[in-house]
Protein chains: 2
Amino acid sequence: MMLKFPSLWIKNATLGDRIANELRLRILENEMKPGDVISENQIAGRYGTSRSPVRDALKALSLDGLIRLERMGAVVQGMDLKDIQELYDVREMIENFAQQRVSKKNVSVLVQKLQQSIDKMELAAKYNDHSEFAYYDLLFHETIVRHADHKRIFNLWSSMKPLIMAVILVTTEQVFSYGSDHVEWVIGKHRTIVRAMQSKDRAVIEKSVNQYFDDSRHTLTESFRPDSSD
Amino acid sequence: MMLKFPSLWIKNATLGDRIANELRLRILENEMKPGDVISENQIAGRYGTSRSPVRDALKALSLDGLIRLERMGAVVQGMDLKDIQELYDVREMIENFAQQRVSKKNVSVLVQKLQQSIDKMELAAKYNDHSEFAYYDLLFHETIVRHADHKRIFNLWSSMKPLIMAVILVTTEQVFSYGSDHVEWVIGKHRTIVRAMQSKDRAVIEKSVNQYFDDSRHTLTESFRPDSSD
DNA sequence: GTAAGCCAACTTGTCGACAAGTACACTGGA
DNA sequence: TCCAGTGTACTTGTCGACAAGTTGGCTTAC
């Protein structure tokens with residue numbers, strides 16, 4: 001039943017987390033559509049578990065904004081193009097904050113770690129492994145936020161991480177389907193980020209972060225045809 | 001047992017939410033200190049409930065960053081001065097984003113709502129009701145974020161709201177103890193925010209938001225003497 | 001035909017129980 | 001004295017059950 005989510009990522013995850021990850025993908029891929037009403041019992045039945053882990057999962061999904069808990073049943077909200085662009089707005093805000101903060105310190109250690117992530121992305125690209133690629137894309141950005149050395153910002157990132165993970169997983173799959181040129185272009189964007197950060201110039205960094213997420217939003221606009229998945 | 005949290009605020013709240021709110025206050029007021037280890041059974045016993053609602057509460061507190069869930073027991077993290085200042089960093093970031101967005105639209109409706117909150121703060125100040133005051137302080141800022149008309153940003157605010165609520169509750173009590181001059185000064189700060197927003201000038205707004213939270217951080221520095229509550 | 005009221009099938013919030021796993025003290029042997 | 005191994009008392013994750021409350025349809029009266 002649970003096949004979609006890369007099992008490597010969730011080796012020690014609790015049942016609730018697995019169900020949450022699974023449902024995130026199903027909602028993002030429009031298998032569960034906005035307006036659909038789901039209940040704890042229904043999902044528990046579907047996955048052959050009790051309500052307890054499902055309950056945790058639905059709570060998590062409601063924090064993501066993917067569903068809305070109501071008195072009887074939960075209503076799927078889903079994410080349309082605008083919602084995903086808003087998610088990128090927030091990612092841009094967080095990452096700009098983080099990078100500005102990072103740039104006031106020595107970045108050599110950070111740059112080296114980022115380079116490692118980029119290398120792994122290259123490798124994943126070579127072997128056409130889109131979920132591995134997505135993983136290191138996510139790690140790249142998490143590494144930046146972590147190095148900002150700001151607990152609350154990192155907490156913010158962590159709270160959005162499962163959702164971002166699911167979105168990156170879906171969009172990366174699409175990017176791969178466009179061919180290796182597009183994949184290389186994505187890698188190049190990450191190199192650009194690193195270079196901008198090394199400049200340590202406030203305006204340059206802000207511009208580069210803005211450019212990065214503008215590009216991402218633009219890619220979305222192309223790939224997310226309205227209701228293309230029906 | 002549960003006496004600290006204003007009961008008006010949580011009339012229809014679930015047991016888990018009440019326990020979470022209560023624990024937030026106890027942690028912020030240093031009755032539960034960083035390093036303390038708590039377990040679901042222990043808290044359930046303390047409040048005379050089963051583990052289920054406690055489990056929800058501890059999950060919420062870990063999302064706040066107030067505790068760290070571990071394999072056996074949860075470790076209280078607490079919030080020191082730096083942590084609260086970091087919380088204000090993030091509030092500043094969110095509110096700046098929201099106000100810049102709001103300022104691109106017609107603000108007259110918003111301004112009127114904000115004025116209502118300020119009026120209620122005035123009234124609460126007159127009757128020396130600090131929790132009522134805190135409530136409308138919170139509402140003031142929530143109103144701004146809501147009017148930004150950006151689901152993801154509002155989601156971010158909502159996810160931090162319970163923690164912000166608890167922090168405002170504690171700090172407002174301290175502000176009131178400083179006397180009515182300080183309370184009036186806080187009200188004045190909110191009026192300044194509104195004026196800056198009406199200017200619709202990007203730089204003016206950014207400056208005003210920055211000033212507001214700088215002031216708040218400064219007030220914190222005065223009131224949060226290290227370990228003053230022991 | 002229509003509206004009020006009742007009933008049955010759902011829902012969630014909470015509870016207590018069990019199993020698997022962890023930490024720590026205690027025992028025994030050197 | 002010290003160290004390895006064992007056992008016990010804890011912990012969490014999951015399960016099934018119950019109660020209170022909601023929804024929607026069906027009956028019944030008009």
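A, B, ... follow the sequence lines: proteins, then strands. Residue 1 opens every chain.
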Study note, to complete from the structure: To the nearest 10 degrees, the angle between the two end axes of the helix from C:dG1-D:dC30 to C:dA30-D:dT1 (five pairs per end) comes to 10°
Revision key, fill the gap. Outermost contacting nts on DNA chain D, any atom under 4.0 Å from chain A heavy atoms, listed 5' then 3', are D:dG13 to D:dT23
Name each donor-acceptor pair under 3.5 Å that joins a side chain in residues 104-111 of chain B to protein atoms two or more places apart or in another chain, with its distance.
| residue | atom | partner | partner atom | Å |
| --- | --- | --- | --- | --- |
| B:Lys104 | NZ | B:Gln100 | O | 3.3 |
| B:Lys105 | NZ | B:His147 | O | 3.0 |
| B:Asn106 | OD1 | B:Ser108 | N | 2.8 |
| B:Asn106 | OD1 | B:Ser108 | OG | 2.9 |

Practice item. Using heavy atoms and a sub-4.0 Å distance, could you list which residues of residues 50-57 of chain A are near DNA chain D? By number, please. Key: A:Ser50, A:Arg51, A:Ser52, A:Pro53
Exercise for review: Output yes when B:Arg51 and B:Glu40 qualify as a salt bridge under the 4.0 Å nitrogen-oxygen rule, no when they do not.
Suggested key: yes
Check your understanding: Does a donor on one side chain and an acceptor on the other come within less than 3.5 Å for B:Asn21 and B:Arg18?
Key -> no
Check your understanding: Which atom names give the shortest non-hydrogen contact between A:Ala166 and A:Arg24, and what distance separates them?
Key -> CB-CB, 4.0 Å
Exercise for review: Quick one: sort the B:Phe176 and B:Phe133 rings into parallel, tilted or perpendicular, breaks at 30° and 60°.
Suggested key: perpendicular
Study note, to complete from the structure: By side chain to side chain contact (heavy atoms under 4.5 Å, CB included), B:Ser62 pairs with (sequence neighbours left out) B:Ile67, B:Leu69
**Study point:** A:Leu163 side, atom CG; B:Arg152 side, atom CZ - distance, nearest 0.5 Å
**Key:** 5.0 Å
Check your understanding: Looking at residues 65-74 of chain A, who's got a heavy atom less than 4.0 Å off DNA chain C?
Key -> A:Arg71, A:Met72, A:Gly73
**Study point:** NZ/NE/NH1/NH2 to OD/OE distance under 4.0 Å, A:Asp56 and B:Lys59
**Key:** no
Practice item. State whether A:Lys126 and A:Glu122 are salt-bridged, where the test is any N-O pair (Lys NZ or Arg NE/NH1/NH2 against Asp/Glu carboxylate O) under 4.0 Å. Key: no
Point to revise | Derivation and outcome, salt bridge (charged side-chain N to carboxylate O under 4.0 Å, His left out), residues A:Lys161 and A:Glu142 | key: CA-CA 9 Å; A:Lys161 181 176 173 179; A:Glu142 174 163 321; 2.8 Å; yes
Review point. If you measure from NZ on A:Lys120 to CG on A:Asp129, what distance do you get to the nearest 0.5 Å?
Key: 13.0 Å
Practice item. Search all heavy atoms of B:Ala57 against all heavy atoms of B:Gly16 and return the closest pair with its distance. Key: CB-O, 3.5 Å
